[in-house]
Amino acid sequence: AQSVAQPEDQVNVAEGNPLTVKCTYSVSGNPYLFWYVQYPNRGLQFLLKYITGDNLVKGSYGFEAEFNKSQTSFHLKKPSALVSDSALYFCAVQAAGNKLTFGGGTRVLVKP
Amino acid sequence: DVKVTQSSRYLVKRTGEKVFLECVQDMDHENMFWYRQDPGLGLRLIYFSYDVKMKEKGDIPEGYSVSREKKERFSLILESASTNQTSMYLCASSFPPETYNEQFFGPGTRLTVL
């Protein structure tokens, strides 16, 4: 069975500081990894994905994520957080033949 | 832009009622999905469909059914609503293959069962 862990329920960061949201996964076979963001009272929006190739993936709104196969991690990062980045972030993993599995979500609060 | 719409943002129903949640997408996607979102549990897949009149069970199908009569529309049905089905319901769609194509989500329906 595949699974995703987001170890932090909430991350607090000051505006302008680096933001990291952690994600580790467990799958059989090659993983396909995704990050989604949910702003208040809105549906999920796709941020970025790793399918194959370069381990550093760049996505929307200045976010990036690094695929680390040995540590089975796919942490989301942003060099300089904005107040508008405050939202709920979901990591998700899929292996061939399986459905998408989401983590529990991490709430990010960026303070001015 | 892909648009996925859901029929209601908020819904309040009574225990035992039959509940219909409607989802429509306008990008001619083959794949459609229904999830429920609960705090700390993330999103859990209820049902999905790869084509018209096709449906497959997800991880938590008990107490739910679905209907896909047209490609753009995917309905979730709660046959007899119960209080433990109070949740946020999200619909999504994508192009195949679903393995590496992102899903596009609707705004969600917050259902309360009293």
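Just so you know, these numbers use all the heavy atoms, side chains as well, and skip hydrogens, waters and symmetry mates. Within every chain, numbering begins at 1; the chains are lettered A, B, ... in the order of the sequence lines, protein sequences first and strands thereafter.
- Connection of B:Met32 to B:Ile46 is established within a shared hydrophobic cluster, with ILVMFWY side chains joined at heavy-atom distances below 4.5 Å, either directly or through further cluster members.
- If you take CG on B:Leu43 and CG on A:Leu44, they are separated by 5.5 Å, rounding to the nearest 0.5 Å.
- To the nearest 0.5 Å, the span separating CD on B:Glu56 from NZ on A:Lys99 amounts to 6.5 Å.
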Below 3.5 Å, can you tabulate the donor-acceptor pairs from side chains in residues 55-68 of chain A to any protein atom, sequence neighbours excluded?
unit_1	atom_1	unit_2	atom_2	d
A:Lys58	NZ	A:Glu64	OE1	2.9
A:Tyr61	OH	A:Gln45	OE1	3.1
A:Asn68	OD1	A:Ser70	N	3.2
A:Asn68	OD1	A:Ser70	OG	2.8
A:Asn68	OD1	A:Gln71	N	3.0

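- Using a 4.5 Å heavy-atom cutoff, the side chains of A:Lys49 and B:Asn101 are in contact.
- Cluster annotation: A:Val21 is not connected to A:Phe34 through the hydrophobic network of ILVMFWY side chains, with a link wherever side-chain heavy atoms come within less than 4.5 Å.
- B:Asp38 CG: more than 12 foreign heavy atoms inside a 6.0 Å radius.
- For A:Leu88 against B:Gln37, the heavy-atom pair with the smallest separation is CD2-NE2, 3.7 Å.
- Contacts of B:Leu90 with chain A are made by side-chain atoms alone, with heavy-atom separations under 4.5 Å and no backbone atom involved.
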**Item:** Verdict with supporting geometry, B:Phe105 and A:Tyr36, ring-ring contact (aromatic ring centres under 6.0 Å, His included)
**Value:** CA-CA 10 Å; B:Phe105 285 83; A:Tyr36 288 85; 5.5 Å; yes

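- With a 4.5 angstrom heavy-atom cutoff, A:Gln38 touches chain B only via side-chain atoms.
- Of the residues considered (A:Phe90, A:Tyr50, A:Phe102), A:Phe102 shows the highest number of contacts with chain B, using heavy-atom pairs under 4.5 Å.
- Criterion: ILVMFWY side-chain heavy atoms under 4.5 Å apart, direct or through other members. Under it, B:Leu11 and B:Tyr89 are part of a common hydrophobic cluster.
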**Request:** Go through the steps to decide whether A:Leu100 and B:Gln103 satisfy the test side chain to side chain contact (heavy atoms under 4.5 Å, CB included), and finish with yes or no.
**Result:** CA-CA 10 Å; A:Leu100 196 60; B:Gln103 295 182 17; 3.7 Å; yes

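- Hydrophobic clustering of Ile, Leu, Val, Met, Phe, Trp and Tyr side chains at less than 4.5 Å, counting indirect connections, unites A:Val37 with A:Tyr25.
- Linking ILVMFWY side-chain heavy atoms closer than 4.5 Å, directly or via other members, places A:Phe74 and A:Val93 in a single hydrophobic cluster.
- Contacts with chain A (heavy atom to heavy atom, under 4.5 Å) involve these residues of residues 106-114 of chain B, listed by number: B:Gly106, B:Pro107.
- For CZ of B:Arg44, the number of neighbouring non-hydrogen atoms (other residues, nucleotides, ligands) closer than 6.0 Å is greater than 12.
- Each of B:Gln6, B:Arg9, B:Met88 has some count of heavy-atom pairs under 4.5 Å with chain A, and the biggest count is that of B:Arg9.
- More than 12 heavy atoms of other residues, nucleotides or ligands shown are found within 6.0 angstrom of NZ on B:Lys71.
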